[in-house]
Amino acid sequence: MFGPPGSGKGTQAARLGKAHTLAHISTGDMLRGAMAAESDLGKRVKGVVERGDLVPDDLMLGLVRERLSEPDATGGFLLDGFPRTVPQAEGLLDVMRDLDRNLDVVVVLDVADDILVGRALKRGRSDDNEETIRHRLSVYRRQTEPVLSFLEGKVPIASVDGVGEIDEIGERIGRVLDATD
Ligand code: ADP
């Protein structure tokens with residue numbers, strides 16, 4: 001599940017994960033969990049996450065590699081917030097090859113910037129003040145969007161209009177998934 005901060009990918013990923021019994025792997029949730037638990041990982045990433053910058057690629061890849069080997073992920077999984085850079089995408093394809101798995105589809109949630117800022121401000125997370133949100137958006141455009149060109153031709157990519165009711169957007173995503181089965 002791919003999209004800018006505030007696009008609703010977390011909401012849609014959670015719904016889809018439940019409906020299709022897929023492991024919902026949200027790297028943002030994993031990092032926030034570590035921060036809340038004040039684990040070594042949490043302490044290490046806190047500053048970066050709160051600034052709205054990206055946690056180093058090797059650290060993220062290690063986390064995701066481990067997570068994908070857990071039992072609940074063997075039946076299928078949904079990645080939310082990962083990969084976020086081209087090196088993460090390259091690493092993910094290596095992990096997929098090692099695990100003899102493949103990626104079925106990348107769903108891109110399409111939402112205009114001004115709508116994104118408004119939505120994120122309503123959420124009120126500790127990394128959600130206006131300045132940080134605008135910073136996360138620019139990080140997304142600069143570092144994350146290029147992942148799509150990198151994946152083009154390697155994994156099917158489908159763009160979905162991310163503006164509307166939650167159910168309606170869920171149905172749009174459902175139609176994309178039906179078409180890729
Ligand atoms: P959002 O979709 O609003 O950006 P996330 O929960 O996906 O929220 O991510 C929150 C923060 O966690 C990011 O701004 C970043 O600091 C960190 N983060 C999450 N996933 C990654 C990743 N794959 N690589 C680097 N940093 C990440």
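What you are looking at is a predicted structure, and each value in this text was computed from that prediction instead of being measured. One-based numbering, in listed order, for ligands and for the atoms of each.
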query = Using a heavy-atom cut-off of under 4.0 Å, does the side chain or the backbone of Arg123 touch ligand 1, or both, or neither?
reply = side chain
key: Flag if over 12 foreign heavy atoms under 6.0 Å of CD, Glu168   = yes
Trace of the salt bridge (charged side-chain N to carboxylate O under 4.0 Å, His left out) decision for Arg175 with Asp178 = CA-CA 5 Å; Arg175 283 196 288 275; Asp178 289 343; over 6 Å; no
task = Determine, using heavy atoms of Lys9 and all atoms of ligand 1, whether some pair is separated by less than 4.0 Å.
result = yes
ask   = So is Arg51 in contact with ligand 1, going by heavy-atom distances below 4.0 Å?
value = no
task = Mark up the atoms of ligand 1 that fall under 4.0 Å of a heavy atom belonging to Pro5, in ascending order.
result = 1 (P), 2 (O), 3 (O), 4 (O)
note = When Leu63, Ile25, Thr74 are each screened for side-chain contact (heavy atoms from CB on, under 4.5 Å) with Leu68, the one that passes is Ile25
key: ligand 1 N/O within reach of Met60 N/O, cut-off under 3.5 Å   = no
message = I want to know if ligand 1 touches Asp29 in the polar sense, i.e. an N/O pair below 3.5 angstrom.
response = no
request  = Determine whether the side chain, the backbone, both or neither of Asp53 has a heavy atom under 4.0 Å from any heavy atom of ligand 1.
outcome  = backbone
ask   = Does any N or O in the side chain of Thr132 come within less than 3.5 Å of the main-chain N or O of Gly52, such that one atom is a donor and the other an acceptor?
value = no
Atom indices of ligand 1 within 4.0 angstrom of Gly81 heavy atoms, with elements = 20 (N), 21 (C), 22 (C), 23 (N)
task = Going by the side-chain contact (heavy atoms from CB on, under 4.5 Å) test, name the single residue among Asp80, Leu109, Thr144, Asp110 that passes it with Phe2.
result = Thr144
task = Could you list the atoms of ligand 1 found under 4.0 angstrom from a heavy atom of Thr27?
result = 19 (C), 20 (N), 21 (C), 23 (N)
task = Look at atom 9 (O) of ligand 1 and find which of His135, Arg136, Arg84 reaches it with the closest heavy atom.
result = Arg84
key: Residue part near ligand 1, for Arg125, under 4.0 Å between non-hydrogen atoms   = side chain
inquiry  = Could you tell me, atom by atom, which parts of ligand 1 come under 4.0 Å of a heavy atom of Leu31?
reply    = 12 (O), 17 (C), 18 (N), 19 (C), 27 (C)
